[in-house]
Protein chains: 2
Amino acid sequence: MSSTPPSDMKSSKFLHSFWQVNRSLMRYVHKTASENDLSIPQYSALMTIAPHKEMTQKELGEILQMPKSTLSQAIDGLVQADWLHRQPVQDNRREMQLMLTEKGAVLFKKVKLQKGSFHQTIDSAIDTLSEKQFEDLLSTLHHIAEFLENETIIKENSQND
Amino acid sequence: MSSTPPSDMKSSKFLHSFWQVNRSLMRYVHKTASENDLSIPQYSALMTIAPHKEMTQKELGEILQMPKSTLSQAIDGLVQADWLHRQPVQDNRREMQLMLTEKGAVLFKKVKLQKGSFHQTIDSAIDTLSEKQFEDLLSTLHHIAEFLENETIIKENSQND
DNA sequence: ATTGGATAGTTCATTTACGAACAGTCCTTG
DNA sequence: CAAGGACTGTTCGTAAATGAACTATCCAAT
């Protein structure tokens, strides 16, 4: 009894749970973002920049790992709406220095405290896990991520992202 | 020493790993799908129907949990391309009975064995986990999924999905 | 037998993120 | 110091998934 189940069975169970979590997360991000008139990339960008005082667009891209075009458009929208200040870096005019405007800083604080916001929700979800559960989850996810990144797909030094 | 880290720190670590896995998975699904001239919803539908001999569109929707419109369009494409046979259910003409055509069954087998396909890759990723790691991962994901589903978002008995 | 509501699926317009090509800046090397 | 190549970011056309409104069918209640 209790022989190891076939791996395609395990995979599909994993995928099912994984997509389910993903769907919920997406729903929440989308909700919180659109309540504040932001697209998802815009929301991600804003929340990532905020904890640092300033940041280049390049650094932001390395963290968020989204296509350059997507990021560029997101940033542009944020600048237009005056959440974000953007200016070429002093001694390398190719790069863009990004920092929140005062308005942007206010928005960030508001969102962070907003009842039922993405951040609040995900924080409380994580809080229901034991320390050990959390560590295990993180390390397993990390393990899978690494495995997948190293697999076949030739990271054809893509000009995007 | 070793006091519990603040939960928003933990959340962002979790999210980072989670999105990273998600990005990889998406890349693989997209690659495998488009190599076979399928959209992602089409790929998902095909792979879900295949193990059952037949299935109603409603049942499929309950499993995949994607918006009705997305599913409907995916199915329609599969029928057009003759991967899938579709006909109204005998004694409830609102529902649609779906089953693979012979051509579709061949495609399914081909994809399942395809070197570097999504299925192959995710299977081998899962195989690198110990039995315990896998069980823990699954149960934690499941736990988070349930938590998120039960949270605030009023599932305003959406007419979609 | 009729009507109102629920259920299953489709249509269509819109949004969104994306890839590919491009433009500007910087750095090396002859 | 000119030219080629690498790097950062932008523009633009396209494809994909979605929500809202709709059609068709079924069922329950009067």
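A note on names: the letters A, B, ... follow the listed sequences, proteins ahead of strands, and every chain is numbered from 1. The structure presented is a predicted model; accordingly, all values stated were derived computationally and were not measured.
If you measure from atom CD of A:Gln90 to atom P of C:dT25, you get 15 Å, rounded to the nearest angstrom. Rounded to whole Å, the distance from CG on A:Asp161 to P on C:dA20 is 12 Å. The separation between A:Asn160 atom CG and C:dA17 atom C1' is 11 Å, rounded to whole Å. Note: CZ (B:Arg23) to P (C:dA17) measures 15 Å, nearest angstrom. The CZ atom of B:Arg27 sits 14 Å away from the C1' atom of C:dC18 (whole-angstrom rounding).
Between A:Tyr43 and A:His119, the angle of the ring planes goes over 60°, which puts this pair in the perpendicular group of the 30/60° scheme.
Between B:Phe134 and A:Phe14, the distance separating the two ring centers is not shorter than 6.0 angstrom.
Phosphate contact (OP1/OP2 of D:dA17, side-chain N/O of B:Ser39, threshold under 4.0 Å): present. Distances shorter than 4.0 Å separate some side-chain N or O of B:Thr70 from OP1 or OP2 on D:dT18.
The residues B:Asp123 and A:Lys10 are annotated as not salt-bridged, no charged nitrogen and carboxylate oxygen being separated by less than 4.0 angstrom. Salt bridge status for A:Glu149 with B:Arg23: absent, with no side-chain N to carboxylate O gap under 4.0 Å.
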Nucleotides 1-9 of chain D: protein proximity per nucleotide (B base, S sugar-phosphate only, - neither; heavy atom, under 4.0 Å):
-----BBBB

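In this structure, B:Pro41 reaches the sugar-phosphate backbone alone: every heavy-atom distance under 4.0 Å involves primed, P, OP1 or OP2 atoms, never a base. Contacts of A:Ile40 with the nucleic acid, taken as non-hydrogen atoms under 4.0 Å apart, involve only primed sugar atoms and P, OP1 or OP2.
Shortest non-hydrogen contact noted between A:Gln42 and A:Gln73 is NE2-O, 4.5 Å. For the pair A:Thr32 and A:Gly116, the tightest heavy-atom approach, listed with the atom from each and the gap, is OG1-O, 4.4 Å.
Closest contact between the side chain of A:Arg93 and the listed nucleotides C:dC26, C:dA17, C:dC12 involves C:dC26.
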